[in-house]
Amino acid sequence: MNNFDDNRPNPDDLLASLKVDEEKGKRGKLKIFFGMCAGVGKTYSMLEAAHIEKKKGADIVIGYVETHNRKETNELVKGFELVARKSYTYKSTSLEEMDLDAIIARKPQIVLVDELAHTNVHGSRHLKRFQDVQEILDHGIHVYTTVNVQHLESRSEIVAQITGIIVRETIPDDVFERADDVELVDLTPDELLQRLSEGKVYATERSKEAVQNFFRKGNITALREMALRIVADRVDRQLHDYMQLKRIKGPWKSGVHLLVAVTYTEQSTKLLRWAKNLADMMGGSLQAIYVETSHELTPKESEALDKNINLAKQLGISLRIVTNYDLVKAIVDFAQKENITHIIIGKPRERNLIALFRLGNFVNRLIRYSGNIDVYILGSDNTVDDKYKRKAARPSFTSSISQYLISTAIVAFTALVCYLIKSLVGYQVVSFVLLFAVSILAFFLGTGPILLASTLSALIWNYFFIPPFYTLHVEKTEDMLMLIMFFIIALLNGVLTSRIRRQEKKIRIREERTHALYQLAKELSTVSGINEVLDLAFRDIQKYFGLESAVFLKDESDRLERQPRHPSALNLTENDISIAQWTFRHSAKAGKFSDTLPSSNYTFYPLRGNNDNMGVIAVQHLRVFTQGEEQFWEGFLPQISGKIEREFLRMTARTAYILNESDKLYKTLFNSISHELRIPVATILGGSDTLIAQDYSPESRKMLHEEINQAAIRLNRLIENLLNMSRLDSGRLTPRIDWCDLHDLINEVIQSLSTELNDFNVDVVLPDDMPLVQFDFGLMEQVIHNLLLNATQLAPKGSSLRVKFFYDNGFLFIQVMDRGPGFSVSDLPMVFNKFYRGELAVAGGTGLGLSIVKGIVEAHKGTITAENRANGGALFTIKIPTNTSDLTNLQPENKI
Amino acid sequence: MADKEAILIIDDEVQIRRLLEITLSSNGYKILSAANGHEGISQAASHAPVLIILDLGLPDTDGFVVLKKLREWYQKPIIILSVRSSEDDIIKALDTGANDYLTKPFRTGELLARIRVAIRQNQGNGENPRFSFGSLEIDLSSHLVRKNNEILKLTSTEFSLLSLFARNEGRVLTHHYILKEVWGMGYIDQTQYLRVFVAQLRKKIEDNPAKPKLLITESGIGYRFGN
């Protein structure tokens, strides 16, 4: 089965490995001193290693080291800086823990932290010390730490079996596997026992009995083997990784992909650990699957299921939840889709009737349908089995007492009715009526009550209706046959219906959630702008989860805003804000019902976008999410963060566009304006220099003065235009809308341009009864000024200019016309562009006049168009929405 | 024009001060100058200048504050000369008590004209109820207005408006000020009244209402009366 592909390193894996390396480069490195049990000298070795590094000049501090008062260890601690521990008071006892923040603030190169699996005292930031260590590593500080084999999550069970001591302090396997360096601290069992007898282990008096039970040669040998195996496996895998990374062709194991089926039993807990070990041994990948069937979970079962799912997470196994009535089909379908090579299941132990209904011939069917996929069946141990059996019998009868009462009452009532009409219909028909009642009940009641109803109705029919009456004895063979058939039909009908109903209910809930997600996606696509997106999110979280929420977004410098959006919903304290910051930095859930800072009232989830965290959402959980809700939530959040990310990207794109545009503008500005600025400055400088240096005739002096004056006027006009332009561009120019008299307006413009207009025939078309209109007088004056000035520069002298005003249906129209050359086809779309100079433009213009006009008109929410007149010349049409004055109340007034 | 009285220039720009000193002293005015608001106020107090030219952008104090402080006791004209050209600034300065407002860059000829008008208006006998502007004669006591010796028929509002302008010859009156004086506080935003009456008044008093010579529009700010 060694096909060609198997011999080649997978490019995805290579990429992944590069990425892991890259990430690791920024993080601190984790070195684990790993031993089979306490007393082998892990702390000692760690301190020794630290001394060697220190001699090389490394900056090392002790974060937390437990010497157990061993003399040699005490000696080694000397010479290192100790970061003071932090005291916590819990239930009136004061306990000391490592001071995480002090270590991060101190920022040494290496920090020594003993006992990685330690559980922190209540009130600390994290539940477990390994989480503290992750945070230290995140800050680029290297960590030396110690771990015993029994602390590994996947081995804790076996260790408990070997030694009889249940270990509660564990670390996820993942943490161990991702350590950069693991150094085995080994001692032969004899040496260890000798050290024990010399009192070098556990110097303080602990429970002697427990110690002696634990440190038996058999135990120690077993633990030692386990520790050695783990380290050997690790070396194996490193070699494998190395070969793959360096593209060394080697005997790659053909892709082994394992799938473990998990349920809500304790057996599954074991199954998961076992599968993990197996996958490690085989060097293959491992996934888990949970199939949600119609079986309704009791609270206990769903708790057990949650525990198993969490365990899978801790073991680093990806777990998929699928809903299917048929277990076998669900597992096989999934396995085929994921190219699974081995399926691992537990041996089913339900032996009763219900179990038979539920599971059918599960194992046989699985083996039959799984084709070339191997199936591993893990045996069960009996102690668990017995407990389970008792439990397993229960769930089908978990329906409430009232359901049983209802089912009894309905059957009794039906029987009574039948009894009354018995003489009319005959006893065979009665059976159908009873059957009918049971079938109807099945729509509303659970399996237990239906079983009761079936049995009860069969008994009643027999006792009251089948002759001989009032006895369970049945005389005729056909009656007997009918009774048996009646019972079976009632049972099957009832149980099947109630199962279909449950299945339906589950599917409906899932459908509702899928629909909700679809709805959310649809709604999200219709809103735009961060605030609208957030409003929608808050509303929908309230609607679907019944939770109040608030969001912290990241700001432009990629830090989390301190001010939450929607702050009124939650009562967030300063402490909560720092939890939000933590969540944002570590991209992990924190707060209530999580492993980090669980003392908060709120739970904080990172809003993960595709590339980056967009922020943090805080919600007020009233209880832990069920598995279904959790899944729904996990589908819900990415939609929101995705949308927020898109909104952020849109804003960034907009900023980029504006920057790009203004960049272009600056280039044009420098090309066009530097020329326009330098000419008048040159005239002023040159002219004044001459005036200072030399004695000219009064006529020459006068001419120079005039030149300087003209240059200054030109310069001033340019500056005015630039200032106006920048005010328009910055959006700071808001028109001061006021009532204006158009007569006044045009008169002002004509007077201010009197010199320029001298050579033209100006024709103003403005009805005498034109009402007052609303705009900014000063700005509109400039609009007409610029348009007319433009015309005087281009139109031939002596030609006529026309300015026409009229009001139509809510709009004021202003038209400015000349008999100049008009626009060339190429000019027309660009005339309003900044710094655009038409082909026929005269010297001395800046190319700003018309774009200022356009800016002002648009600030009035109006439009301006340019076109060529039919008989030659340019025509500008301005259209501005405005009110007109109603002054009827002003008119009548007495004359003096 | 020997020995006119002193004009105080409060401006922190040396070049502007020097330009003004040259221009004004060659027109016969005595010059006092101050480079900041504090100095300006003390100069005004100790020398009682006949007019003050004030810049709004001063290094130590905001020009508006200086204007306000001066107006607490200084009765004579103050002309603002500033680079700030927004209508808001101009209106604020006029409403705070400035007699006139010129933006930099300015033409020296215009500045001199404004100074003359301001001083004349200030010295003019406020008791005299008779005014004459070219062919227009106004007699406030008898409520009579003549143009080319013909009596004009004015409505009472037109007359109040015209008399307000006549009494403030050469001075820019803001829209709000005029509305408040003629119509009352409640009409302060009814600018359309003002537009209509100004247009009516122009038709009666101007030779050519399309090219007003007496009632001049100061765009976006108000009106100025006189030539």
Side-chain angles (χ1 to χ4, degrees), chain A residues 709 712-717 719-720 723-724 727 732-752 754 757 762 764 766 768-785 883-896, chain B residues 83-88 90-91 103-109 142-145 151-163 174-176 179 183 187 189-204 206 208-213 215-223:
Chain A
N709 198 265
I713 289 171
R714 187 170 158 186
L715 199 57
N716 187 37
R717 194 164 56 212
I719 289 165
E720 282 295 315
L723 288 177
N724 279 333
R727 266 165 68 204
R732 268 181 301 154
L733 189 125
T734 37
R736 288 156 33 103
I737 304 292
D738 199 357
W739 290 106
C740 300
D741 183 352
L742 288 169
H743 295 277
D744 203 2
L745 180 80
I746 189 66
N747 292 342
E748 277 298 306
V749 177
I750 288 173
Q751 276 199 323
S752 70
S754 52
L757 290 174
V762 184
V764 176
L766 175 58
D768 257 356
D769 57 352
M770 186 76 179
L772 297 182
V773 287
Q774 283 181 308
F775 50 69
D776 185 313
F777 190 94
L779 291 178
M780 205 51 68
E781 189 184 338
Q782 191 171 4
V783 165
I784 299 174
H785 181 279
N883 297 319
T884 52
S885 62
D886 176 23
L887 294 171
T888 43
N889 58 336
L890 273 180
Q891 292 310 323
E893 205 182 19
N894 296 330
K895 308 268 154 110
I896 356 172
Chain B
V83 286
R84 296 198 207 166
S85 60
S86 85
E87 288 158 5
D88 289 329
I90 297 173
I91 290 170
T103 52
K104 294 173 188 168
F106 56 95
R107 314 303 300 261
T108 44
S142 61
H143 277 224
L144 275 182
V145 181
I151 292 177
L152 291 179
K153 287 183 178 171
L154 296 181
T155 68
S156 60
T157 309
E158 282 166 0
F159 183 79
S160 319
L161 194 58
L162 182 59
S163 59
T174 64
H175 297 138
H176 282 191
L179 284 162
W183 278 271
Y187 293 83
D189 291 318
Q190 304 296 330
T191 43
Q192 74 268 41
Y193 291 12
L194 184 55
R195 304 282 179 217
V196 171
F197 279 96
V198 165
Q200 281 175 199
L201 196 55
R202 273 186 182 145
K203 278 181 196 153
K204 294 180 182 172
E206 295 284 359
N208 178 2
K211 286 183 182 167
K213 291 271 191 293
L215 189 39
I216 315 288
T217 301
E218 292 284 334
S219 22
I221 295 159
Y223 298 96

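The chains referred to below are lettered A, B, ... by the order of the sequence lines, with proteins before strands, and numbering in each begins at 1. Heavy atoms only: backbone and side chains are in, while hydrogens, waters and symmetry mates are out.
- With chain B as the partner, the residue from A/I719, A/D744, A/L723, A/L779 showing the most heavy-atom pairs under 4.5 Å is A/D744.
- Of the listed residues (B/T217, B/D189, B/V145), the greatest number of heavy-atom pairs within a distance under 4.5 Å of chain A belongs to B/T217.
- When the candidates B/A210, B/G220, B/P209 are compared by the number of heavy-atom contacts under 4.5 Å with chain A, B/A210 comes out ahead.
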Q: Begin from the C-alpha positions of A/E748 and A/I784 and carry the test side-chain contact (heavy atoms from CB on, under 4.5 Å) through to its verdict.
A: CA-CA 10 Å; A/E748 277 298 306; A/I784 299 174; over 6 Å; no
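- Only the side chain of A/I713 comes within less than 4.5 Å of a heavy atom in chain B; its backbone stays farther off.
- A/P771 pairs with exactly one of A/D741, A/N883, A/T884 by the side chain to side chain contact (heavy atoms under 4.5 Å, CB included) rule, that one being A/T884.
- When the ring pair (Phe, Tyr, Trp, His ring centres under 6.0 Å) test is applied to B/Y223, the partners found at least two apart in sequence or on another chain are B/H175.
- Among residues two or more places apart in sequence or in another chain, the side chain to side chain contact (heavy atoms under 4.5 Å, CB included) test is passed with B/S142 by B/D139, B/L144.
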